[in-house]
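I have placed the structure first, in the form of structure tokens, so that the comments after it can refer back to it.
Keep in mind that this is a model prediction, so the values were computed, not measured. The figures that follow rest on heavy atoms only: side chains count, while hydrogens, waters and symmetry mates do not. One-based numbering, in listed order, for ligands and for the atoms of each.
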Amino acid sequence: MVPRVSSSSVVRLSRVLKTYRVGSTDVKALDDITLAIPANRFSIVIGASGSGKTTLLNLIGCIDTATDGAVEVCEEDVTRLSDDRLADFRSRHIGFIFQNFSLVPVLTAYENVEYPLILLGMTVASRRQHAMAMLEAVGLAEHAHRFPNELSGGQKQRVAIARALVKRPTLVLADEPTANLDSVTGASIIALMRRVQAELNTTFIFASHDAQLISHADDIFAIRDGALLEHRMETEQ
Ligand SMILES: Nc1ncnc2c1ncn2[C@@H]1O[C@H](COP(=O)(O)OP(=O)(O)O)[C@@H](O)[C@H]1O
Ligand SMILES: [Mg+2]
């Protein structure tokens with residue numbers, strides 16, 4: 001396949017290899033991946049369990065580093081950044097949404113959403129304004145003072161979406177965001193992500209095998225055993 005390379009790509013991977021050392025053997029998680037992911041779209045990485053989806057998202061999200069090859073995110077060659085600069089880059093540009101929501105259990109919904117803004121050094125008044133506006137946008141303003149264990153799965157994922165988007169990142173990475181939700185709740189979460197993507201002009205990159213989510217994707221990257229099989233563009237924008 002020929003990778004689609006355009007000037008509006010938000011992520012570019014070139015000949016990326018990722019191996020994990022397990023005991024005395026190397027496990028090849030990603031095998032020579034070259035791809036370009038367009039900005040301001042819903043792109044999805046699909047593949048069976050163990051195919052390398054999470055590894056790929058972790059490299060794009062600068063949570064993990066490639067064994068070889070080039071990883072460019074928001075026009076920055078992240079393989080060249082020091083750990084400090086990488087952490088700063090990540091907190092400015094990237095929001096994460098996880099399968100298990102990953103909310104901080106001892107913080108309220110409001111405090112979970114406010115937290116990334118504390119890391120950015122924002123004032124109390126601005127934090128309040130941004131966090132409440134985002135909770136409002138995901139339909140949870142009236143539950144702002146609830147703790148995660150007082151919320152349903154769908155509500156938890158709404159809080160996680162608000163937390164990922166509150167700092168207005170360029171890129172949101174969502175690893176199987178609907179896997180722990182029933183299909184009706186999953187559909188409402190997909191619709192919410194679609195709406196905020198259009199409103200905020202955010203790029204979403206998913207890893208999933210949820211047929212419902214796949215049917216909403218603009219671009220599909222299929223991987224198997226760490227290798228890219230094909231890239232389909234479902235809709236032109
Ligand atoms: N931290 C790790 N240490 C060793 N092997 C790993 C690690 N993370 C992932 N792998 C291996 O890499 C491959 C890809 O895993 P992963 O990216 O989690 O796939 P997926 O998200 O598609 O299920 C699998 O063979 C998995 O066992
Ligand atoms: Mg995974």
Looking at atom 23 (O) of ligand 1, what's its closest protein heavy atom, distance included? Gly50 N, 2.7 Å

Could you check atom 15 (O) of ligand 1 against the protein and tell me its nearest heavy-atom contact, residue, atom and distance included? Thr55 OG1, 3.9 Å

Please determine whether Ser49 has a backbone or side-chain N, O or S atom lying under 2.8 Å from the Mg ion (ligand 2). no

Contact check, Ala48 vs ligand 1, heavy-atom distance below 4.0 Å: yes

Among all protein heavy atoms, pick out the one at the shortest distance from atom 9 (C) of ligand 1; state its residue, atom name and that distance to 0.1 Å. Tyr20 CE1, 3.4 Å

Verify the contact flag for atom 27 (O) of ligand 1, where contact means a protein heavy atom under 4.0 Å away. no

Would you verify whether the NZ or CZ of Arg146 falls within 45 degrees of the ring axis of Tyr110 while also being under 6.0 Å from that six-membered ring's centre? no

Give me the nearest non-hydrogen protein atom to atom 19 (O) of ligand 1 as residue plus atom name, then the distance to 0.1 Å. Gly52 N, 3.1 Å

Of the choices Leu30, Val22, Thr54, Asp225, which has the non-hydrogen atom that lies closest to atom 21 (O) of ligand 1? Thr54

Ile94 and Lys167 have their tightest heavy-atom pair at O-NZ, 2.8 Å

Option of least heavy-atom distance to atom 22 (O) of ligand 1 (set: Arg21, Lys53, Lys28, Lys18): Lys53

Once you measure the plane-to-plane angle for Phe89 and His93, does it fall in the parallel (<30°), tilted (30-60°) or perpendicular (>60°) bin? tilted

Would you mind listing which atoms of ligand 1 come within a distance below 4.0 Å of any non-hydrogen atom of Ala29? 12 (O), 13 (C)

What's the separation between atom CD1 in Ile46 and atom CZ in Arg224, rounded to the nearest 0.5 Å? 11.5 Å

Close approach of Gly47 to ligand 1, heavy atoms, under 4.0 angstrom: no

Would Arg80 and Asp77 satisfy salt bridge (Lys or Arg N to Asp or Glu O under 4.0 Å), going step by step from the backbone distance to the final call? CA-CA 6 Å; Arg80 289 171 187 272; Asp77 179 356; 2.8 Å; yes

Think Arg194 forms a cation-pi with Phe42, using NZ or CZ under 6.0 Å from the six-ring centre and within 45 degrees of its axis? yes

How long is the span from the CG atom in Leu151 to the CZ atom in Phe101, to the nearest 0.5 Å? 10.5 Å

CD1 of Ile190 to OG of Ser208: how many Å apart, nearest 0.5 Å? 7.5 Å

